[in-house]
Amino acid sequence: MKKLKSGFVLGVILLSSLLVYFVKVNIAWMDPVIMEHVTCEQIPRSGIPQGGTDYSCCFYRMMPRGPVYCECTMTEKSFNDWVSSESRWKNRTDLTEENPEHIHDSLQHDSLQKRRDIIVSDGIRFQYGDEGGHGGYTVFDRSTNRAYYWTYY
């Protein structure tokens, strides 16, 4: 009877592990969800820049957590107000011609589409977290009044 019980427990553990692996792998292979030219209220996530217009976002997994890329048009004052309202943003960096920020465009719909080359050379950048685990960046481009936000996990 004891062998039967331990075999049952081992079977449950093995099946549970396979189920978790299957779900995790399939979620990782899901295509990203891209929303373009929407309002802030239409975006199903919190934490994105508030006070902007013309939002475009890419969600890599539609779960409570997961990588997100978002951009919108806003004033520098609105950007600074949003950053100030959240304690997570640290490490302010001024972006200049000598110290620009290269942003990897994540609104690419397929692998054949040409990526936009976004370089911010007059703006500001904040970050939180660490590059080895989880965190995020946000950048404001003064020349276009465009704010960029992305997280990684």
Side-chain angles (χ1 to χ4, degrees), residues 13 15-153:
I13 291 171
L15 286 175
S16 298
S17 299
L18 286 172
L19 180 63
V20 167
Y21 174 77
F22 176 76
V23 169
K24 187 173 184 174
V25 166
N26 283 311
I27 288 173
W29 287 341
M30 288 172 54
D31 287 333
V33 174
I34 296 175
M35 301 175 73
E36 294 184 276
H37 312 295
V38 297
T39 65
C40 184
E41 294 76 27
Q42 291 174 289
I43 299 171
R45 289 280 178 92
S46 61
I48 61 167
Q50 300 294 304
T53 60
D54 190 25
Y55 285 81
S56 293
C57 299
C58 180
F59 305 101
Y60 291 94
R61 284 182 231 132
M62 291 301 288
M63 297 176 67
R65 288 183 51 158
V68 173
Y69 170 85
C70 195
E71 61 181 70
C72 66
T73 301
M74 64 185 356
T75 66
E76 186 170 354
K77 180 182 181 332
S78 293
F79 178 79
N80 285 322
D81 289 347
W82 170 68
V83 167
S84 298
S85 72
E86 299 191 8
S87 62
R88 65 183 167 161
W89 296 112
K90 311 279 187 238
N91 304 328
R92 177 192 164 112
T93 304
D94 289 318
L95 304 174
T96 63
E97 291 283 336
E98 296 77 31
N99 183 34
E101 179 75 26
H102 295 264
I103 299 172
H104 301 290
D105 175 23
S106 295
L107 294 175
Q108 183 175 353
H109 295 279
D110 60 52
S111 61
L112 300 176
Q113 187 176 13
K114 185 175 185 209
R115 295 187 92 120
R116 292 181 301 163
D117 190 19
I118 304 169
I119 300 172
V120 179
S121 58
D122 180 21
I124 49 179
R125 179 184 91 161
F126 291 88
Q127 76 177 71
Y128 74 93
D130 58 55
E131 295 199 32
H134 75 282
Y137 290 90
T138 188
V139 171
F140 180 76
D141 184 349
R142 289 185 180 109
S143 65
T144 62
N145 280 341
R146 201 83 176 142
Y148 303 91
Y149 164 78
W150 60 102
T151 62
Y152 48 91
Y153 290 96

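Bear in mind the structure is a predicted one, so any value in this text is a computation, not a measurement. Below, all heavy atoms of this structure are taken into account, side chains as well, without hydrogens, waters or symmetry copies.
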I need the [X] [atom1] to [Y] [atom2] distance, nearest 0.5 Å.
X	Y	atom1	atom2	value
His102	Ser121	NE2	OG	9.5 Å
Ile43	Cys70	CD1	SG	4.0 Å
Arg125	Asn99	CZ	CG	8.0 Å
Cys57	Tyr149	SG	OH	9.5 Å

- Of Ile119, Val139, Asp122, which meets side-chain contact (heavy atoms from CB on, under 4.5 Å) against Leu95?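 Of all the options given, the one that passes is Val139.
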Review point. Is the Phe126 ring parallel, tilted or perpendicular to the Phe79 ring (thresholds 30°, 60°)?
Key: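 Tilted.
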Can you give me the closest heavy-atom contact between [X] and [Y], atom names plus distance?
X	Y	answer
Ile124	Asn80	CD1-OD1, 3.4 Å
Asp141	Ser143	OD1-OG, 2.7 Å
Trp82	Trp89	CH2-CZ2, 3.5 Å
Met74	Phe140	O-CE1, 3.3 Å
Thr73	Arg146	OG1-NH1, 2.6 Å
Gln42	Met35	O-CE, 3.2 Å

### Message
Please check this pair: side chain of Thr138 against backbone of Tyr148, looking for a donor-acceptor N/O pair closer than 3.5 Å.
### Response
yes
Going through the distances and angles, do Asp81 and Gln50 end up as a side-chain contact (heavy atoms from CB on, under 4.5 Å)? CA-CA 9 Å; Asp81 289 347; Gln50 300 294 304; over 6 Å; no
Looking at side-chain heavy atoms only, is the closest gap between Tyr137 and Thr93 below 4.5 Å? no
- Just checking, any donor-acceptor pair under 3.5 angstrom between side chains of Glu71 and Ser56? no
Verify disulfide (SG to SG under 2.5 Å) between Cys72 and Cys40, making sure each step is shown before the conclusion.
CA-CA 9 Å; Cys72 66; Cys40 184; over 6 Å; no
